[in-house]
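Presented below is the structure to which this report refers.
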Amino acid sequence: MAYIAEIILPVYLKNVFHYLIKEEDFPNIQKGKRVLVPFGKSNKIYTGMVYKIYESHEHFHELKYVHQIVDEVPIFQTVQLDFWNWVSEYYCCSLGEVMLFALPNHLIIHTQTHVTFTEQIHSLDINTLTDKEKSVIDFLSSKEFISYEKLKNQFSDYVIKKLLQKQIIEIKTQVVNPYKPKIKTFIFINYPQLEQQFSSNNPSELITSAIQNTKSENHQKVLLYLLQNDGVEKQFLLNKLEISESVLKSLEKKSWISLEKYAIDRVQLRNSSIIQQELSLEEKSLCQEWIHKIENSTSWSPTVFFHDLGNNRIQFYVEWFKKWIEKGKQILFLVPEIAFTDKFVIELQNHFQDQLGIYHGKINDNERVEIWYKVFLKEFKIVIGVRSALFLPFTDLGLILIDEEQDSNYKQEEKNPRMNFKDSAIYYSKMLNIPIILASQTPSIETYYQTQIGKYNIIKYLKNSQLKESQVIIKDLKSEIALHQTVGLFSEYAYKSIFQQKLKKHVSIIFVNRKGYAPKIVCNACGHVHFCPNCDIALTYHKQIHKLKCHYCGFQEDNIYFCKNCGSNDLAYEGFGTEKVEEQLYSIFLNFKIARLDSENFKTKKQLSDFLQSIQKKEIDIVIGTQLITKLLHLDNIELLVVLLADIMLHIPNFRAFEYTFQFLRQLIYDFDLPNQENKQLVLQTRVPKHQVFEYLFKDYAEYYHEQITLRQELDYPPFTRLIELQILHPNQNILHYSINNFEKLLKNSYSEYILGPSIPHVSKLKNYYRIQYLIKIPKGQNPSKIKEHIQKAFKDFLILEKDRYFRIIINVDPK
DNA sequence: AGCACGCCGACT
DNA sequence: GTCGGCGTGCTC
């Protein structure tokens, strides 16, 4: 009889792996702990997650042993691993991929292999070696630490193998824990030494004697300071007393002080000073009522909070959060994106101080680990975070709140697991049997539908402040261009308004949906468009850095001055992004101070907060920017917002295009707080001014919803069907197109009535892979997991048939 | 997906 | 004898 553990490994393989458990490890091994296991031919050490433990007497002789158990206690609860499993099944990816995504990088321990000389090197006769071998020896002795990988890059496998055979070099593996605590040095008075030297046990007497015993003024300063502040942090002391490190060094040499190193928290409290707005008594009692309703519903179901509170909603959230913290529960507050300057973060910090964790993409790997542990140890009662915060190891989660529920960023499509974090959070909260609140000012069609059929509860809090028609100005670009009324990219109205704002010393904001200078470079001589070498998409010109970039794969190259096809220098920069608009603004609005705000030129928190300050100080007249500008809209000297191409999203090939555009525009209206501030204006420039989406802005949400839901039903789109998007990829276009028939036969041998396609996707080649796609529309009531299994089986059979390992499949469940 | 292994052709 | 390329098979 043997004990076997099922281990999840962070590799792109479908299965879990089985390992034998050493007898001495058996009492200690547990589901949810990390273990180190040897894997592959070279027995490289991987970090795995114990998923199951069982007894068996079959086939255990072929198995390897668990090398080591990493954790003292399980770092994930059973329910969390069950959730991983659900994600992997629902979104058709491996448990390993879920693990890779769920666990911070620095919690994945790996091995480093490096190459060293053996003892034999001393007795080695250099002349017996070939030139190549000698150069390897030279290379190795020139550096202290050489990884095996590096050596392999530098020299041929053959030479390395030879040297290994001759036992001149050897490969050593070393387990590396990537997490590095932040170490700071603290300074202490070395009292025992002083006591010995000056025979006293009174601290101030000792210091006085010491001071009298040194001529250095700096030494005296330090000792005096330490008398009051023993154990001060080194850097702080150096700055405070304006001394250099050598002063401390010489004191240490005398053994009068000691320097000690400690790990400290990176996660530290940031102070802020915003006056807290309080809810009215009436609002507070409303909150009570809602909480009561949420807590006392007979069966579990999500609650939709449909409101028009704008940024004030955070006050309500705080009120709810307090209730759950009182109960000793943890809270997860998911938001589509956050920056440190975020009003919400500041507000939450005011209320919850060091009980608040902030989790977003810009946090570095080490800090991530610290946050992770604070959540695990329940030091953080509440976490505001972006989607991946869903995988944090809450031990006592009591509430999930999803803000901006309608935001499509909750769906991840770039990599596996291609999951929707909103839907997954709903499922997770069901597993935990805890309440979940989906908050929105413009609920998504699908979410609202669930409230209509009674699956979700709804709390409506709508003040219905009416938007005046005069506040949203829709300008017809097409006709203005025809009549030569436009000024550059601006309608006459927008142009004049910007001048008026300047007279009022206000800032005008211009929204453009695209980064860079121009999204397309076309040769005027031969018509050649400059494409990304890896993708079927034109390169975007970024003028500021003189580079061409692919926004899909990240490819970058230096700007070109001549057409790569015909050599002509007559190149046209078609279309526009923020940079081009900025350039045009300078020529139209002379003597205006203009600033551009996009993720290209604002990489740090400080840049952004400095920028906010300069706006408040009225040092800027016009800001041009992408999505980030929504962070400015609450500032008080801003009354004009111009959207250059308001309809751009209407034209994307997606059944939700209308919904996205509507949500986007409504969101701008709320972020800008138009209904409550009559002096503000939103100018929407469009080529389709009569489009229905603009009409709906002035109408009730219900009207928009009914129209849209009817359309969805007629066209068999969600929520009336479930969609799976399927892409088959191959680096060779011909092979792909030739073989697709074989795949199709396998795919369509069942469920063919639900399968639409094949079709060429919007971008036909991405990262050097050509793609063909299918859309599968599964009617309600059909079991989608059967169909998912069928798809995966079809692809597996297809691979066996084709014997070509370059085929890949992407299964995108519930696509955007 | 990564990696080792083995076969092959090429070059000295 | 030396070297790199590429196809293949496997990972408990």
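So you know, we letter chains A, B, ... as the sequences are listed, proteins then strands, and number each from 1.
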Worksheet item: For DNA chain C, which residues in residues 24-36 of chain A have a heavy atom at a distance below 4.0 Å?
Response: none

Response to the item:
In whole angstroms, the gap separating C1' of dG2(B) from NZ of Lys14(A) amounts to 18 Å

Worksheet entry | Contacts of type salt bridge (charged side-chain N to carboxylate O under 4.0 Å, His left out), residue Lys564(A), not counting sequence neighbours | Glu557(A)

Discussion item. Just so I know, are the side chains of Ile160(A) and Lys152(A) near enough to count as touching, which here means a heavy-atom distance under 4.5 Å?
Written reply: yes

Worksheet item: For His737(A), which residues count as a ring pair (Phe, Tyr, Trp, His ring centres under 6.0 Å) partner, sequence neighbours excluded?
Response: none

Practice prompt. Nearest whole angstrom, please: distance from the C1' of dC3(C) to the CZ of Phe155(A).
Written response: 14 Å

Response to the item:
Going 5' to 3' through nucleotides 5-12 of chain C and flagging B where a protein heavy-atom sits under 4.0 Å of the base, S where only the sugar-phosphate is that close, and - otherwise, we get ---BB-BB

Fill in: For atom NE2 of His110(A) and atom P of dC3(B), their distance in whole Å
13 Å

Item to complete: Please identify each residue that fulfils ring pair (Phe, Tyr, Trp, His ring centres under 6.0 Å) with Tyr552(A), with sequence neighbours left out.
Response: none

Item to complete: Please state whether the phosphate of dC3(B), meaning OP1 or OP2, lies under 4.0 angstrom from any side-chain nitrogen or oxygen of Ser42(A).
Response: no

Worksheet entry | Nearest-neighbour nucleotide for the Lys152(A) side chain, dA1(B), dA4(B), dC3(B) considered | dA4(B)

Worksheet item: dA1(B) P sits how many Å from Phe101(A) CZ, rounded?
Response: 19 Å

Item to complete: Grab the OH-P distance between Tyr158(A) and dC5(B) for me, whole Å please.
Response: 16 Å

Response to the item:
5' to 3', nucleotides 6-12 of chain B under a 4.0 Å protein heavy-atom cut-off (B base, S sugar-phosphate only, - none) gives -------

Worksheet, complete the sentence: Contacts of His67(A) meeting side-chain contact (heavy atoms from CB on, under 4.5 Å) (sequence neighbours excluded), chain-then-number -> Leu36(A), Pro38(A), Ile45(A)

Practice prompt. Would you kindly give the CG-to-P distance between Leu164(A) and dC5(B), to the nearest whole Å?
Written response: 11 Å

Worksheet entry | No-hydrogen, no-angle side-chain donor-acceptor test under 3.5 Å, Asn420(A) and Asp814(A) | no

Worksheet item: Tyr769(A): what forms a ring pair (Phe, Tyr, Trp, His ring centres under 6.0 Å) with it, not counting sequence neighbours?
Response: none

Worksheet entry | Residues that His110(A) engages under side-chain contact (heavy atoms from CB on, under 4.5 Å), provided they are two or more places apart | Val176(A), Pro178(A)

Worksheet item: Can you name the side-chain contact (heavy atoms from CB on, under 4.5 Å) partners of Glu744(A), sequence neighbours left out?
Response: Lys748(A), Pro758(A), Tyr774(A)

Item to complete: With heavy atoms under 4.0 Å as the rule, sort Val159(A) into base, sugar-phosphate or nothing.
Response: sugar-phosphate

Item to complete: Could you tell me which residues satisfy side-chain contact (heavy atoms from CB on, under 4.5 Å) with Gln30(A), sequence neighbours excluded, listed by chain and number?
Response: Lys33(A), Pro74(A)

Discussion item. List the residues meeting ring pair (Phe, Tyr, Trp, His ring centres under 6.0 Å) with Tyr373(A), not counting sequence neighbours, and say none if there are none.
Written reply: none

